[in-house]
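Report on the following structure.
Note that ligands are numbered from 1 as they come in the structure, with each ligand's atoms numbered from 1 the same way.
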Amino acid sequence: MKIEKIQYGPYEALRLHFLDKFLDYIPKRAQIIRYGSLKKPDILWGNSKATYQDGKAIRSGIPLCRPWFGHLKANPSIVQNMHSLTHPALSHGFARCIEWKNHQLDASKSGIIIINSLQTSPTLTPEWPHETELKFIICFNEILSIQLHIENKSNQDIAITQALHNYFHVSDIRNIHIHGLENLTYTEQNALGQQKSGIQKFFHHLTGPVDRIYSDVPSEITIFDPIWKRNIIIRAPFSHSAVLWTPWKEQAKTLDQFPASLWNQVMCLEVGTLMNQMQIIKPKTKDMIEMSIHVTEHQ
Ligand SMILES: O=P(O)(O)OC[C@H]1O[C@@H](O)[C@H](O)[C@@H](O)[C@@H]1O
């Protein structure tokens with residue numbers, strides 16, 4: 001076990017090592033930037049073309065989408081109503097763009113724990129004027145586990161949608177199989193904002209751009225990668241929504257911080273509480289979701 005300090009643009013980051021695994025984390029942004037095993041392709045994609053600026057989303061690792069997902073207007077009205085109309089509503093919420101002030105680190109032989117917290121209030125976050133404490137907790141050893149906590153310190157219900165926006169690195173999105181989404185209902189939005197629903201058939205291979213939100217997702221989803229001979233197993237027992245997003249070749253060229261040549265090696269499979277599976281937190285109570293990522297190698 002080892003902890004190093006490294007730099008990503010203006011941000012001091014921590015590089016954690018545990019056996020053959022490493023993880024890069026920027027406490028000030030509560031963002032995992034990269035995760036993998038030494039001398040092997042990343043598991044969570046570390047984007048060498050990412051840009052690091054205050055107030056700007058970083059396309060790498062796991063951006064945190066909270067307290068709403070995607071365009072605010074695509075969320076249930078109870079989630080939209082939490083936002084103050086006097087401020088612009090950032091895509092995927094403000095948690096991935098704001099400065100997270102405090103973090104604690106605890107290292108022992110069994111692993112490393114990092115706890116980051118963020119207070120929201122009418123003064124601190126006028127765009128979302130509610131008294132809460134958000135916590136982002138990482139437990140890192142052979143497995144990567146993440147928890148997202150929220151404490152509602154106000155006197156009214158708080159409604160949020162949220163996702164851990166996992167950027168996975170895969171050998172080729174045209175070869176992988178995904179287990180766990182088959183037979184689920186999804187809603188898909190195209191570039192023009194038009195929505196359609198459907199039932200997911202078994203994935204043989206991805207054959208084009210996908211941007212789907214799935215409901216009633218089981219607690220385990222597996223990405224089976226036959227070329228890199230590994231399974232990435234994502235467990236998220238307390239949240240029941242998932243997003244599968246891959247822009248494909250043409251759209252990748254138009255995206256900020258997205259190397260067009262990697263269009264077939266990066267895939268987002270996100271877990272969270274979305275659309276009508278949003279989280280509603282009663283006054284003076286707490287709630288949480290969690291996710292773990294575990295990799296097994298094929299023989
Ligand atoms: O470019 P952003 O804001 O990080 O979003 C990337 C993608 O994130 C996904 O989660 C959304 O489903 C897509 O619609 C979106 O394009």
Practice problem: Give the ring-plane orientation class for Y8 versus Y52, where under 30° counts as parallel, over 60° as perpendicular and anything between as tilted. | Solution: tilted

Quiz item: Should W263 and I173 count as side-chain neighbours, where that means a heavy-atom distance under 4.5 Å?
Solution: yes

Quiz item: Is the H179 ring parallel, tilted or perpendicular to the F202 ring (thresholds 30°, 60°)?
Solution: tilted

Quiz item: Would you call the rings of F22 and H17 parallel, tilted or perpendicular if under 30° counts as parallel and over 60° as perpendicular?
Solution: tilted

Exercise. Look at atom 11 (C) of ligand 1 and say which protein heavy atom is nearest, naming residue and atom and giving the distance to 0.1 Å.
Key: D211 OD1, 3.7 Å

Quiz prompt | Minimum-distance protein heavy atom relative to atom 3 (O) of ligand 1 | solution = R96 NH2, 2.9 Å

Quiz item: With a cut-off of 6.0 Å (strictly less than), are more than 12 heavy atoms of other residues, nucleotides or ligands near CG of L85?
Solution: no

Quiz prompt | Minimum-distance protein heavy atom relative to atom 15 (C) of ligand 1 | solution = W245 CE2, 4.0 Å

Quiz item: What's the shortest distance from atom 5 (O) of ligand 1 to any protein heavy atom, and which residue and atom give it?
Solution: H92 NE2, 3.5 Å

Self-check item: E188, Q257, H165, Q251: member with heavy atom nearest to atom 9 (C) of ligand 1
Solution: H165

Self-check item: Greater than 12 external heavy atoms within 6.0 Å of K282's NZ
Solution: no

Self-check item: Per-atom contacts, ligand 1 versus F69 - under 4.0 Å to a heavy atom
Solution: 10 (O), 12 (O)

Quiz item: Is there a heavy atom of S91 sitting under 4.0 angstrom from any atom of ligand 1?
Solution: yes

Practice problem: Could you label the plane-to-plane angle of the F69 and H92 rings as parallel, tilted or perpendicular, counting under 30° as parallel and over 60° as perpendicular? | Solution: tilted

Quiz prompt | Numbered atoms of ligand 1 (with element) below 4.0 Å of E270, judged on heavy atoms | solution = 9 (C), 10 (O)

Exercise. Check each atom of ligand 1 against the heavy atoms of R59 and keep those under 4.0 Å away; list them by number with element.
Key: 1 (O), 2 (P), 4 (O), 6 (C)

